[in-house]
**Student:** 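Have a look at this one before I ask anything.
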Amino acid sequence: MSDDQTPADSKLTSSKRRWAAEGKFLTGRTSRPEAERLPPGQHLVKNWPVLDLGQQPVVSTDSWRLEVRGLVETPLTLAWADFQAIEQSSRVSDIHCVTTWSRYDNKWKGVSTRDLLDLAMPKSEAAFVMLTSYDGYTTNLPLSDFAAEDAILATSWEGLPLTPDHGGPMRLVVPHLYFWKSAKWLRRIELMPEDTAGFWEKNGYHMYGDPWREQRYSDD
Ligand SMILES: Nc1nc2c(c(=O)[nH]1)N[C@H]1C(S)=C(S)[C@@H](COP(=O)(O)O)O[C@H]1N2
Ligand SMILES: [Mo]
């Protein structure tokens, strides 16, 4: 290549130069990160749909307890005041539901799963977690995903107490997995040596549930 001269101006190149100067077709978005932000097969919603088994338990903060059991040095049974006394954290994350809706930029407050695990102290054999909720719902995930940096045991959404329909007084949020892993009305966290299927995982859904790999359904 020796010829690096400016090409002869044509109608098209002058138009293209003008578009560049004007920023024509720019959306204000940066295309690659945006494309990676919405997982395949998902569409954005602005509202926040409610999805559950249809039995929303009424859990008052007076009767609420959170149990941490299984492969931990210190089994915990926390009342609401105990839970509030743990360091409170904030997270902002996107929701990806397997039914194809996603919702961006949800602001959560509560206890980071890491801070809770620091109190319970997982044993070295602990590798998976089973979550059990007040409606009888169960779901499983690896301990390392439960302990992810952006995972939070949320008591607040957008600055307000988490409403009962969305799992109040407390739900898990693990934003890098499909939202069925984010147990509402969470009651018990059990650390296990092996992976065991929860409710949807026994009913055709994926054991792991990575939205970017579209792990919606189990392989068999
Ligand atoms: N306890 C409990 N947690 C649950 C469920 C449920 O039925 N019971 N449904 C799951 C599913 S399938 C989804 S998509 C999300 C929905 O949460 P939302 O109703 O706050 O959108 O909760 C998850 N956590
Ligand atoms: Mo879901």
Side-chain angles (χ1 to χ4, degrees), residues 38-61 63-69 78 80 83 90-111 113 116 128-142 145-146 148 150-190 196-218:
L38 190 65
Q42 296 295 111
H43 68 275
L44 266 187
V45 299
K46 296 285 177 202
N47 62 323
W48 186 9
V50 171
L51 279 102
D52 49 53
L53 301 176
Q55 298 286 327
Q56 298 185 350
V58 179
V59 187
S60 71
T61 53
S63 63
W64 183 91
R65 296 289 182 278
L66 177 66
E67 297 179 345
V68 185
R69 290 290 190 280
L78 303 174
W80 190 251
F83 191 71
S90 300
R91 297 285 186 274
V92 179
S93 60
D94 300 345
I95 297 172
H96 306 297
C97 174
V98 73
T99 62
T100 77
W101 59 269
S102 293
R103 190 181 190 286
Y104 286 167
D105 293 325
N106 298 275
K107 295 177 193 67
W108 311 101
K109 278 194 197 116
V111 172
T113 53
L116 186 76
F128 293 91
V129 173
M130 180 64 76
L131 306 166
T132 305
S133 297
Y134 277 94
D135 60 343
Y137 185 79
T138 54
T139 189
N140 56 290
L141 72 170
D145 293 89
F146 177 78
D150 52 4
I152 188 164
L153 300 157
T155 54
S156 161
W157 177 79
E158 303 293 326
L160 294 168
L162 186 67
T163 54
D165 54 339
H166 287 298
M170 188 278 270
R171 77 172 303 152
L172 177 64
V173 177
V174 179
H176 70 282
L177 299 177
Y178 281 124
F179 210 35
W180 87 78
K181 300 287 182 180
S182 293
K184 308 203 277 190
W185 313 293
L186 182 57
R187 165 183 169 164
R188 183 183 164 97
I189 300 164
E190 181 167 358
T196 305
F199 178 80
W200 285 119
E201 295 82 4
K202 280 182 203 151
N203 285 277
Y205 286 79
H206 202 277
M207 284 295 268
Y208 185 63
D210 179 350
W212 286 272
R213 287 186 278 169
E214 270 205 274
Q215 293 176 336
R216 298 177 192 275
Y217 311 112
S218 61

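Start at 1 with the first residue, then count along the sequence. Numbering of ligands and ligand atoms starts at 1, following listing order.
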**Student:** Looking only at distances, can you tell me whether any N or O atom of Lys184, backbone or side chain, sits closer than 3.5 Å to an N or O atom of ligand 1?
**Tutor:** yes
**Student:** Ignoring hydrogens and geometry beyond distance, is a side-chain donor-acceptor pair present between Trp180 and Glu201 at under 3.5 Å?
**Tutor:** yes
**Student:** Considering the heavy atoms of Trp101, write down every atom of ligand 1 situated less than 4.0 Å from one of them.
**Tutor:** 21 (O)
**Student:** Below 30° counts as parallel, above 60° as perpendicular, anything between as tilted: where do the rings of Tyr137 and Phe199 land?
**Tutor:** tilted
**Student:** I'd like to check whether Cys97 has a polar contact with ligand 1, where a contact means an N/O of the residue lying under 3.5 Å from an N/O of the ligand.
**Tutor:** no
**Student:** Check whether Arg103 reaches the backbone of Asn47 with its side chain - one donor and one acceptor, N or O, closer than 3.5 Å.
**Tutor:** yes
**Student:** What residue and heavy atom of the protein are closest to atom 16 (C) of ligand 1, and at what distance?
**Tutor:** Leu51 O, 3.3 Å
**Student:** Which atoms of ligand 1 are found less than 4.0 Å from any heavy atom of Pro49?
**Tutor:** 18 (P), 19 (O), 21 (O)
**Student:** Any sub-3.5 Å donor-acceptor pair from Arg216's side-chain atoms to Val98's backbone N or O?
**Tutor:** yes
**Student:** For Thr113 and Phe146, work out which heavy atoms get closest and say how close.
**Tutor:** OG1-O, 2.6 Å
**Student:** Closer than 4.0 Å to some heavy atom of Ser133 - which atoms of ligand 1 meet that?
**Tutor:** 1 (N)
**Student:** Could you tell me the residue and atom name of the protein heavy atom closest to atom 13 (C) of ligand 1, and the distance to it rounded to 0.1 Å?
**Tutor:** Phe179 O, 3.9 Å
**Student:** Give the numbers and elements of all ligand 1 atoms closer than 4.0 Å to a heavy atom of Trp185.
**Tutor:** 1 (N), 2 (C), 8 (N)
**Student:** Where is the nearest protein heavy atom to atom 24 (N) of ligand 1: which residue, which atom, and how far?
**Tutor:** Ser182 O, 3.1 Å
**Student:** Considering only the protein, which heavy-atom contact is closest to atom 18 (P) of ligand 1, and what is its distance?
**Tutor:** His166 ND1, 3.5 Å
**Student:** With a 4.0 Å cut-off, would you call Glu190 and Arg188 a salt bridge?
**Tutor:** yes
**Student:** Suppose we measure from atom 6 (C) of ligand 1 to each protein heavy atom; which comes out shortest, and what is that distance?
**Tutor:** Tyr137 CD1, 3.5 Å
**Student:** Distance to 0.1 Å, residue and atom name: give those for the protein heavy atom nearest to atom 8 (N) of ligand 1.
**Tutor:** Asp135 OD2, 2.7 Å
**Student:** Say whether Arg171 and ligand 1 are in contact under the criterion: heavy-atom distance to a ligand atom below 4.0 Å.
**Tutor:** yes
**Student:** I need the atoms of ligand 1 closer than 4.0 Å to a non-hydrogen atom of Val50, numbered in the order shown.
**Tutor:** 19 (O)
**Student:** Determine, for Glu158 against Lys107, whether the closest basic-nitrogen to carboxylate-oxygen distance falls under 4.0 angstrom.
**Tutor:** yes
**Student:** Please check this pair: side chain of Trp185 against backbone of Pro164, looking for a donor-acceptor N/O pair closer than 3.5 Å.
**Tutor:** yes
**Student:** Can you list the atoms of ligand 1 that are under 4.0 Å from a heavy atom of Trp180?
**Tutor:** 10 (C), 11 (C), 12 (S), 23 (C)
**Student:** Closer than 4.0 Å to some heavy atom of Asp52 - which atoms of ligand 1 meet that?
**Tutor:** 6 (C), 7 (O), 9 (N)
**Student:** Is there a donor-acceptor contact under 3.5 Å from the side chain of Asn106 to the main chain of Asp94?
**Tutor:** no
**Student:** Taking only heavy atoms of Ala183, which atoms of ligand 1 are found under 4.0 Å from at least one of them?
**Tutor:** 3 (N), 24 (N)
**Student:** Pick one of side chain, backbone, both or neither for how Tyr134 approaches ligand 1, counting any non-hydrogen atom pair under 4.0 Å.
**Tutor:** neither
**Student:** Any sub-3.5 Å donor-acceptor pair from Asn140's side-chain atoms to Gly198's backbone N or O?
**Tutor:** yes
**Student:** Tell me whether Thr139 contacts the main-chain N or O of Ala183 through its side chain, where contact means a donor paired with an acceptor under 3.5 Å.
**Tutor:** no
